[in-house]
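Single-structure report; data block below.
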Amino acid sequence: MMNQSLQNPGREAIIKEVSQDTSISLIVPTNLTNPDPIVLALKNHFKSKDLRISYERDRMPSTKPGYFNTSITLKSLDRSLLIIDTFIKAVRVRNHQILIAGEKTYVKINDEKVEIRFWEKCRSEKIKKGSYDGRELIPTGLLYIQVIDIWLRKEWGDTPYSLLEEKLARVIGGIEFFAEENAKKTIERNILKKRNEEEERLKKEIKQKKDDEQKRFSELLQESKRWAESQQLRAYLNSIESSGSLKEDLSTWLEWARSKADWLDPMIKKEDKWMEGFNHEK
């Protein structure tokens with residue numbers, strides 16, 4: 001018996017609630033009556049023997065895609081169908097869904113999907129294979145329902161002291177608890193994701209603001225330099241004009257040169273098609 005100190009109070013509370021739910025029947029019958037469509041399809045699938053053979057489990061029959069994920073011997077079929085049918089009907093009454101997607105089977109609880117499978121355990125026995133020893137997996141008739149998750153593999157099944165049929169409240173309650181915990185983790189992940197996205201947005205916003213400010217300031221510096229250079233150029237031209245330096249067509253040249261100063265001056269920005277593409281910083 002499990003040590004009470006190791007039991008999760010939240011899980012145990014859900015299991016207790018499931019066990020006391022009078023709207024569901026957790027008693028596995030001795031005969032299959034009005035089976036759920038999923039169970040009926042599963043029964044016909046096994047009866048047709050059009051099964052997938054698992055070579056990893058020494059040719060244990062397993063369902064093909066599109067059926068409730070099951071891996072059992074034909075000898076265990078009747079008992080398995082009764083358990084699965086009782087399980088599915090109880091799950092549906094509790095407003096959950098059974099989803100089959102390819103090879104996988106899920107219990108969908110609100111927005112959470114919990115992957116499950118029904119299987120028969122095997123034991124490993126040492127056998128003689130020619131000149132060397134090998135191992136063979138032997139079906140035991142022990143049936144299990146298992147939750148399959150990247151972080152967890154939880155299962156309920158037959159033991160020397162109790163049968164799977166007696167544990168359906170624990171199975172359903174355990175799956176509901178797992179879905180509830182997953183939902184909490186999903187909320188936490190979404191909160192963390194939004195927080196990270198907001199931090200990333202702020203970082204990008206700050207970087208963009210910084211880049212814009214530096215670009216504007218760089219442009220300001222360039223304009224101030226151009227203005228200073230245009231003033232220096234005009235002072236130079238005034239000096240030439242006042243000194244009477246000998247130049248052919250001085251007035252025409254001064255008009256040309258002052259036009260270039262006006263092009264350079266960011267306060268004037270005179271258009272000059274001949275200066276397009278010119279880099280004055282060279």
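These numbers come from a predicted model, not from an experiment.
- Under the 4.5 Å side-chain heavy-atom criterion for grouping Ile, Leu, Val, Met, Phe, Trp and Tyr, Val39 is connected to Ile100 within one hydrophobic cluster.
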request  = List the steps, then state whether side chain to side chain contact (heavy atoms under 4.5 Å, CB included) holds for Trp156 with Val147.
outcome  = CA-CA 9 Å; Trp156 302 265; Val147 167; 3.8 Å; yes
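- Ionic pairing of Arg216 and Glu219 is not present here: no N-O contact between side-chain nitrogen and carboxylate oxygen is shorter than 4.0 angstrom.
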query = Taking it one step at a time, do Leu32 and Lys43 satisfy side chain to side chain contact (heavy atoms under 4.5 Å, CB included)?
reply = CA-CA 10 Å; Leu32 189 63; Lys43 176 182 177 181; 4.2 Å; yes
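- Comment: Glu112 does not engage Lys185 in a salt bridge, judged by the lack of any side-chain N to carboxylate O separation of less than 4.0 angstrom.
- Clustering ILVMFWY residues whenever any of their side-chain heavy atoms sit less than 4.5 angstrom apart, transitively, puts Leu99 in a cluster other than the one holding Ile84.
- For Ser218 (side chain) and Lys215 (main-chain N/O), no donor-acceptor pair under 3.5 Å exists by modelled atom type.
- Residues Arg92 and Asp36 are paired through a salt bridge, judged by an N-O separation under 4.0 Å between the basic side chain and the carboxylate.
- Using a 4.0 Å cut-off between charged side-chain N and carboxylate O, Arg11 and Glu180 make no salt bridge.
- Cluster annotation: Leu192 and Ile187 are assigned to distinct hydrophobic clusters (Ile/Leu/Val/Met/Phe/Trp/Tyr, side-chain heavy-atom contacts under 4.5 Å, transitive).
- Checked by atom type and distance alone, the side chain of Ser242 pairs as donor or acceptor with a backbone atom of Asn238 at under 3.5 Å.
- The shortest non-hydrogen separation linking Ala169 to Leu26 is CB-CD1, 3.6 Å.
- Annotation: the span from Ile14 atom CD1 to Ser19 atom OG amounts to 12.0 Å, rounded to 0.5 Å.
- With sequence neighbours excluded, the residues that form a side chain to side chain contact (heavy atoms under 4.5 Å, CB included) with Asp262 are Arg234, Ile268, Lys270.
- Enclosure of atom CG in Asp111 is not indicated, since only 12 or fewer non-hydrogen atoms of other residues, nucleotides or ligands lie within 6.0 angstrom.
- Interatomic distance, CG of Leu250 versus CD1 of Ile240, reported as 8.0 Å (0.5 Å rounding).
- For the residue pair Leu233 and Ala257, the shortest heavy atom distance occurs at CD2-O, 4.3 Å.
- Ile15 contributes atom CD1, which lies 12.0 Å from atom CG of Leu168 (distance to the nearest 0.5 angstrom).
- The number of heavy-atom neighbours closer than 6.0 Å to CD of Glu198, taken from other residues, nucleotides and ligands shown, is above 12.
- Counted by atom type alone, Arg79 and Ser76 present zero donor-acceptor pairs between their side chains at under 3.5 Å.
- Here Lys203 does not pair with Glu199 in a salt bridge; the nearest charged N to carboxylate O distance is not below 4.0 Å.
- Of all heavy-atom pairs spanning Leu143 and Leu164, the tightest one is O-CD2, 3.8 Å.
- Counting only distance, with no hydrogens or angles, the side chain of His45 and the backbone of Lys64 share a donor-acceptor pair below 3.5 Å.
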inquiry  = Please evaluate residues Arg94 and Glu17 with respect to the criterion side chain to side chain contact (heavy atoms under 4.5 Å, CB included), reporting the C-alpha separation (whole Å), side-chain torsions for both, the decisive distance (0.1 Å), and the verdict.
reply    = CA-CA 11 Å; Arg94 288 185 66 79; Glu17 189 270 322; 2.5 Å; yes
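- Residues Val93 and Ser23 come closest through the heavy atom pair CG1-O, 3.4 Å.
- The local environment of CD in Glu197 is crowded, with over 12 non-hydrogen atoms from other residues, nucleotides or ligands closer than 6.0 Å.
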message = If you apply the rule side chain to side chain contact (heavy atoms under 4.5 Å, CB included), what do you find for Leu77 with Glu120, and how did you get there?
response = CA-CA 10 Å; Leu77 178 61; Glu120 180 177 345; over 6 Å; no
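- Around the CD1 atom of Ile27, the shell of radius 6.0 Å holds no more than 12 heavy atoms that belong to other residues, nucleotides or ligands.
- Figure legend: cation-pi geometry between Lys121 and Tyr144, with NZ or CZ positioned under 6.0 Å from the six-membered ring centre and within 45° of its axis.
- For Glu103 against Pro65, the heavy-atom pair with the smallest separation is CG-CG, 3.6 Å.
- Side-chain atoms of Asp265 do not come within 3.5 Å of backbone N or O of Ser230 as any donor-acceptor pair.
- The distance from the CD1 atom of Ile83 to the CZ atom of Phe118 is 4.5 Å, given to the nearest 0.5 Å.
- Remark: the Thr33 side chain and the Asn31 side chain contain no N/O donor-acceptor pair separated by less than 3.5 Å.
- Atom-to-atom distance recorded for Lys273:NZ and Met275:CE is 14.0 Å, nearest 0.5 angstrom.
- Residues Asp212 and Gln208 bring a donor and an acceptor atom of their side chains to less than 3.5 Å of each other.
- With Arg226 contributing its side chain and Leu264 its backbone, the two residues share a donor-acceptor pair below 3.5 Å.
- Between Gln232 and Tyr236 the shortest side-chain heavy-atom distance does not fall below 4.5 Å.
- Judged by distance alone, with hydrogens and angles left aside, the side-chain atoms of Thr105 form no donor-acceptor pair with the main-chain N or O of Arg117 at under 3.5 Å.
- Grouping the Ile, Leu, Val, Met, Phe, Trp and Tyr side chains by contacts below 4.5 angstrom, directly or via other members, places Val28 apart from Leu163.
- There is a path of hydrophobic side-chain contacts, each under 4.5 Å, that joins Phe46 to Ile38.
- The backbone N or O of Asn110 sits less than 3.5 Å from a side-chain atom of Lys108, completing a donor-acceptor pair.
- Cation-pi geometry between Arg258 and Trp253 is not met: the NZ or CZ atom fails to fall both under 6.0 Å from the ring centre and inside 45° of the normal.
- In this structure, the side chain of Ser162 does not engage the main chain of Thr159 through any donor-acceptor pair within 3.5 Å.
- When atom types are taken as modelled, the side chain of Thr86 and the backbone of Leu82 share a donor-acceptor pair closer than 3.5 angstrom.
- The shortest non-hydrogen separation linking Pro61 to Thr73 is CD-CA, 4.3 Å.
- Distance check: Asp149 CG to Phe178 CZ gives 3.5 Å after rounding to the nearest 0.5 Å.
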